[in-house]
Amino acid sequence: MDWLKIIHILCVMGWMTSIFAVPRALIYWKRDYATTGAFGPLGDLTYRLYRFSAGLAVIAVITGIWLGVLWGFPAWLHAKIGLVVLLAAHYVWTGVLVGRAKRGEFRESDMFLRIFNEISVVGTIAILWLVVAKPF
């Protein structure tokens with residue numbers, strides 16, 4: 001079971017990298033696009049990071065469910081799954097923003113993107129607390 005936890009944690013780390021980095025990269029991509037009017041390497045990198053991390057998210061979910069089955073889905077895990085679903089919704093919304101940016105549409109302000117980025121941090125802290133403390 002340790003190898004399963006390792007794969008799960010590794011994939012979650014990769015997915016979280018994208019969750020934290022892509023909204024911030026959108027700010028810089030927006031600025032770059034305003035200057036150059038082109039997709040550019042920053043846009044390409046942001047898009048590729050988002051797309052790559054989707055695969056890691058799928059593996060993280062599969063291994064997480066597998067671990068849940070092995071542990072018998074304790075109560076704290078139900079709460080964690082609920083928060084992960086919210087984080088996944090945040091990730092999908094990020095994908096919508098990336099898709100718009102790829103078409104040259106940057107509707108959101110820098111301030112919105114910064115706040116949007118910090119929401120994922122709060123969700124992640126809550127998830128980590130549940131995993132470590134297992135309060136119920």
Side-chain angles (χ1 to χ4, degrees):
M1 182 165 45
D2 286 342
W3 63 270
L4 190 59
K5 284 184 194 178
I6 290 168
I7 292 170
H8 179 69
I9 292 168
L10 182 63
C11 289
V12 167
M13 288 171 50
W15 183 44
M16 294 308 300
T17 299
S18 177
I19 286 175
F20 293 151
V22 171
R24 179 58 95 178
L26 282 167
I27 294 169
Y28 299 117
W29 185 3
K30 178 181 175 182
R31 292 176 186 169
D32 185 53
Y33 189 84
T35 304
T36 65
F39 183 67
L42 184 57
D44 185 53
L45 177 66
T46 304
Y47 175 72
R48 288 174 186 265
L49 175 61
Y50 180 82
R51 199 175 62 186
F52 174 74
S53 66
L56 295 175
V58 168
I59 296 169
V61 167
I62 291 168
T63 56
I65 291 170
W66 190 349
L67 286 166
V69 168
L70 293 174
W71 294 333
F73 286 101
W76 66 268
L77 189 56
H78 290 272
K80 177 194 171 194
I81 290 168
L83 290 172
V84 169
V85 166
L86 292 175
L87 207 54
H90 180 279
Y91 181 74
V92 169
W93 189 358
T94 302
V96 169
L97 300 178
V98 168
R100 282 189 205 150
K102 196 171 177 190
R103 294 187 306 272
E105 299 174 29
F106 295 91
R107 299 178 192 171
E108 290 73 21
S109 67
D110 289 6
M111 180 63 77
F112 173 86
L113 292 170
R114 283 191 174 99
I115 292 168
F116 183 73
N117 190 35
E118 297 307 320
I119 289 169
S120 61
V121 174
V122 173
T124 302
I125 291 169
I127 290 169
L128 289 172
W129 179 77
L130 283 169
V131 169
V132 173
K134 296 177 180 61
F136 40 84

What heavy-atom pair brings [X] and [Y] nearest, and what distance separates the two atoms?
X	Y	value
Ile19	Asn117	O-OD1, 3.8 Å
Val92	Tyr50	CA-OH, 3.8 Å
Trp71	Pro74	O-CD, 3.7 Å
Gly14	Leu56	CA-CD1, 3.6 Å

Could you tell me the separation between the [atom1] atom of [X] and the [atom2] atom of [Y], rounded to the nearest 0.5 Å?
X	Y	atom1	atom2	result
Leu86	Ile81	CG	CD1	12.5 Å
Ile119	Leu87	CD1	CG	11.0 Å
Thr46	Tyr28	OG1	OH	11.5 Å
Leu97	Glu105	CG	CD	11.0 Å
Ile9	Met16	CD1	CE	13.5 Å
Ile27	Asp32	CD1	CG	13.5 Å

State yes or no: do [X] and [Y] share one hydrophobic cluster built from I, L, V, M, F, W and Y residues joined by side-chain heavy-atom distances below 4.5 Å, directly or via other members?
X	Y	answer
Val132	Trp129	no
Leu83	Trp15	yes
Leu77	Met1	yes
Val131	Phe73	yes
Val122	Val22	no

Any residue meeting side chain to side chain contact (heavy atoms under 4.5 Å, CB included) with Ile62, in chain and number order, not counting sequence neighbours: Val58
Test item: [X] and [Y] side chains (from C-beta on) under 4.5 Å apart, heavy atoms:
X	Y	answer
Leu130	Pro135	yes
Glu118	Val121	yes
Tyr33	Leu42	no
Leu70	Leu4	yes
Arg100	Phe106	no

Residues, nucleotides or ligands: over 12 heavy atoms within 6.0 Å of Phe112 CZ: yes
Whether Trp66 and Trp3 hold their rings parallel, tilted or perpendicular, with breakpoints at 30° and 60°: perpendicular
Parallel, tilted or perpendicular: ring planes of Phe116 versus His90, cut at 30 and 60 degrees: parallel
Pairing residues for Asp110 by the salt bridge (Lys or Arg N to Asp or Glu O under 4.0 Å) criterion, not counting sequence neighbours: Lys30, Arg31
Ser53-Tyr91 side chain donor-acceptor pair, cut-off 3.5 Å: yes
Any donor-acceptor N/O pair, Arg103 side chain to Gly99 backbone, under 3.5 Å: yes
Backbone of Ala60 reached by a side-chain donor or acceptor of His8 within 3.5 Å: yes
